[in-house]
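Read the structure below first, then the notes.
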Amino acid sequence: MPRDGAASITLADRPLLPAETLARVIDHVTDAVMVTDANLDAPGPTVLYVNKAFERMTGFPAGEMVGNSPRLLQGRLTDRAQFATMRSRLANGMAWRGEAVNYRRDGGAFVMAWEIVPILDETGRPSAFVATQRDATEAHARARRDRFAMLHDPITDALSIVGFRESFARLRDRTEGGPLDVAFVGIAGVESQLPLLSLADGAAMAREIKNRIRHALGDGMPIARLDAGRYAAAWPADPVALQLLQTIMAEPYLINGLPQHIACHVGVASWPEDGNDADELISAARLASYVGMQTGQDLVVFRRDTRAAMQRRRAIEQGLRRAAQQGELSLAWQPKLSLPERRLCGLEALLRWHSAELGAVGPDEFIPIAETTGSIVPIGIWVARTMVAALGQAWAAGTRVPASFNLSRAQLGSTEATDRLLAALLEAMQDAHLPPDAIEIEITESIDDTEETRAAIRRFAASGMRIVIDDFGQRFSSFGTLADLPASTVKLDRAITQRAGSGELCSLAVVEGLVSVARRLELTVVAEGIETEAEAEALGRLGCTVGQGYLFARPMPLAQALAVGA
Ligand code: C2E
Ligand code: CA
Ligand code: CA
């Protein structure tokens with residue numbers, strides 16, 4: 001067989017067998033063989049010979065083919081455009097190779113791979129053509145199946161990343177510049193949640209997630225399952241679809257017949273702003289989804305500064321691990337004054353972090369991060385020890401006012417963490433010769449308090465420390481919390497302080513009600529965030545006996561704070 005297009009067969013090449021023997025040999029070849037004359041002009045070549053394999057493949061007996069045109073084999077799906085190239089190669093003595101759809105005698109179509117080689121006479125001109133043909137229908141179907149497998153995810157029939165790239169490119173070309181949204185849907189805790197499911201339940205959930213995405217975006221939009229628990233989708237930007245996606249993903253999932261909540265975090269990026277191809281957009285959307293996982297949001301839209309914000313978050317996470325050892329932490333003290341006399345009656349210790357790498361970072365930024373990474377536990381112990389030691393010195397020097405520090409729920413997440421904090425506090429109080437009621441613990445009220453956190457808070461109260469309910473009135477305030485926790489003080493949030501200061505009747509009534517309930521429960525009411533004389537005056541009149549805020553003093557070094565209202 002010729003190896004390249006220029007090859008051909010010359011009769012003088014081989015010793016000749018008797019014609020009859022030769023015909024038998026060719027009949028035993030498994031490929032279909034057809035020999036035609038070399039007439040390329042209309043009406044084209046005439047068949048001179050076909051072998052047995054040809055008869056089997058096409059159903060045409062030799063008697064019907066010989067003397068006829070090979071066009072007998074052609075039909076509706078035969079691509080005739082390729083025949084022009086074929087003719088010009090053959091006319092120049094070159095072989096031709098290709099694929100074509102041919103038809104059997106019974107009308108059935110099949111794909112065949114064929115090769116036509118000219119036989120050259122002594123002058124080098126084609127005297128006949130030998131066509132060998134092989135049925136390629138199977139190979140074609142296999143190639144189609146392989147391609148489908150490459151473009152799809154076997155479990156959900158959603159696209160694979162390869163398929164998504166192609167479909168996204170087509171969608172992009174179709175929409176001609178109109179914005180597209182690309183979403184990355186990530187299931188939180190895949191590594192810990194999915195392995196708990198049986199394979200069948202896992203597959204059912206994967207299909208359910210894909211169906212929900214399709215339901216939100218409508219049919220025909222590319223949706224890919226990238227791997228366990230991670231999906232991508234694209235659609236012409238549409239806030240309603242996005243809203244629907246967010247809602248629908250948050251609905252409970254039926255697992256083992258029971259509805260369960262699975263935390264899905266949707267990140268969204270937009271073409272053309274955030275990237276040009278599927279990979280760039282998925283990577284931006286994934287980053288946004290990751291931000292959602294960290295901050296507990298269902299839906300985060302990628303913004304130009306998301307990447308930078310992520311990097312800063314990483315730097316804070318890492319910096320916090322060594323902040324205490326590096327001596328980067330300190331405390332600022334904000335005085336609490338009695339109302340209406342305005343004499344110093346307490347202090348609040350507030351954490352400050354001056355990072356060597358990032359400069360000053362505010363607690364509103366780093367405390368939530370420390371809570372999610374767990375570094376709040378050692379940092380909290382540092383705060384407790386440091387504030388007790390400093391307060392001990394103030395007491396020794398003669399100013400005996402109580403001081404508070406802030407405690408977040410993440411610091412009471414395990415009995416072990418609570419044990420360590422309590423032990424550190426008791427030891428520090430002993431070293432500093434402080435009575436336990438010199439220490440107040442400020443903790444925010446929360447509706448999703450567990451019995452464990454309430455028990456932990458009671459342990460602090462049982463050792464004589466006072467409990468302050470912080471930020472009261474900020475979110476889901478309930479008088480129930482006041483009665484539930486062994487608190488001695490309730491601190492009105494700055495928002496309440498402002499409303500009281502505005503003189504608005506309704507707000508005044510709210511504060512009045514709060515104060516009277518607190519009084520009934522024998523709680524001290526502290527107003528925080530007082531910035532104006534009007535606020536201080538109104539709150540004093542409404543029954544708050546303690547105030548704190550910039551009007552009196554900002555957080556400052558302890559020595560200065562002790563001199564305020566003295
Ligand atoms: P917080 O406990 O509600 O503390 C009051 C915040 O309001 C402080 O912000 C304080 O500086 C600020 N502030 C005080 N007076 C005024 C005022 O008149 N106007 C305004 N606009 N703000 C005022 P800071 O120090 O940035 O602390 C923010 C939050 O960080 C604290 O809120 C507390 O939740 C948390 N935090 C601070 N230190 C610690 C700590 O050691 N441990 C824990 N777990 N959380 C802490
Ligand atoms: Ca506080
Ligand atoms: Ca507060």
Side-chain angles (χ1 to χ4, degrees), residues 316 320 323-324 328-337 339 342 346-354 360-388 390-391 402-413 417-418 421 424-425 439-446 453 456-457 460 466-475 477 487 489-501 524-536 539 544 546-558 561 564:
I316 290 177
L320 279 176
E328 294 176 349
L329 299 178
S330 62
L331 294 176
W333 302 74
Q334 190 175 31
K336 295 176 188 171
L337 301 176
L339 295 180
R342 304 193 182 180
L347 297 160
E348 178 178 7
L350 292 157
L351 184 56
R352 296 291 175 262
W353 177 29
H354 192 98
V361 183
D364 281 333
E365 185 177 12
F366 74 77
I367 298 274
I369 297 176
E371 285 172 356
T372 56
T373 62
S375 51
I376 191 68
V377 173
I379 287 175
I381 289 174
W382 181 93
V383 169
R385 284 210 177 104
T386 312
M387 77 81 73
V388 171
L391 187 67
S404 63
F405 68 96
N406 294 279
L407 191 65
S408 44
R409 257 137 240 282
Q411 293 173 256
L412 308 174
T418 309
L421 181 63
L425 271 168
I439 308 297
E440 296 177 332
I441 297 179
E442 300 199 3
I443 183 151
T444 312
E445 57 152 355
S446 160
T453 39
I457 294 168
F460 290 95
R466 300 195 161 176
I467 306 298
V468 179
I469 296 176
D470 204 352
D471 300 335
F472 192 83
Q474 193 193 44
R475 282 179 302 170
S477 300
T489 305
V490 56
K491 218 173 183 187
L492 301 184
D493 189 66
R494 187 170 127 68
I496 304 272
T497 297
Q498 284 176 318
R499 288 171 64 178
T524 304
V525 181
V526 180
E528 78 174 339
I530 299 180
E531 292 186 354
T532 66
E533 283 294 346
E535 287 164 1
L539 287 155
C544 293
V546 181
Q548 191 184 357
Y550 293 170
L551 174 68
F552 311 125
R554 293 191 168 243
M556 51 182 67
L558 181 57
V564 172

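Every number for a ligand or one of its atoms is a count from 1 in the order of the listing. Keep in mind that this is a model prediction, so the values were computed, not measured.
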### Task
Take E440 and K491 through the salt bridge (charged side-chain N to carboxylate O under 4.0 Å, His left out) test and state the conclusion after the steps.
CA-CA 12 Å; E440 296 177 332; K491 218 173 183 187; over 6 Å; no

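Considering only residues two or more places apart in sequence or on other chains, A323 meets the side chain to side chain contact (heavy atoms under 4.5 Å, CB included) condition with E328, L329, W353.
With contacts defined as side-chain heavy-atom distances shorter than 4.5 Å, the pair V546/T524 qualifies. Annotation: side chain of L351 is in contact with side chain of W382 (closest heavy-atom distance under 4.5 Å). By the 4.5 Å heavy-atom criterion applied to side chains, P363 and R352 are counted as neighbours. Within the 4.5 Å cutoff, the side chain of Q334 has heavy atoms near those of the L350 side chain. Side-chain contact between L391 and F405: absent, with no pair of heavy atoms (C-beta onward) separated by less than 4.5 Å.
R494 pairs with exactly one of E535, E528, E531 by the salt bridge (Lys or Arg N to Asp or Glu O under 4.0 Å) rule, that one being E531.
The Ca ion (ligand 2) has E348 OE2, N406 OD1, E442 OE1, D470 OD2 as protein N, O or S atoms under 3.0 Å away.
Within the structure, side-chain hydrogen bond (donor to acceptor under 3.5 Å, both in side chains) contacts touching residues 362-373 (residues at least two apart or in different chains) are R312-E365, R313-T372, E371-S408, T373-S375.
Protein residues with a heavy atom under 4.0 Å from ligand 1 are Q334, E348, L350, L351, R352, P363, D364, I367, V383, N406, S408, Q411, D470, D471, R494, E528, G529, I530, E531, G549, Y550, P555.
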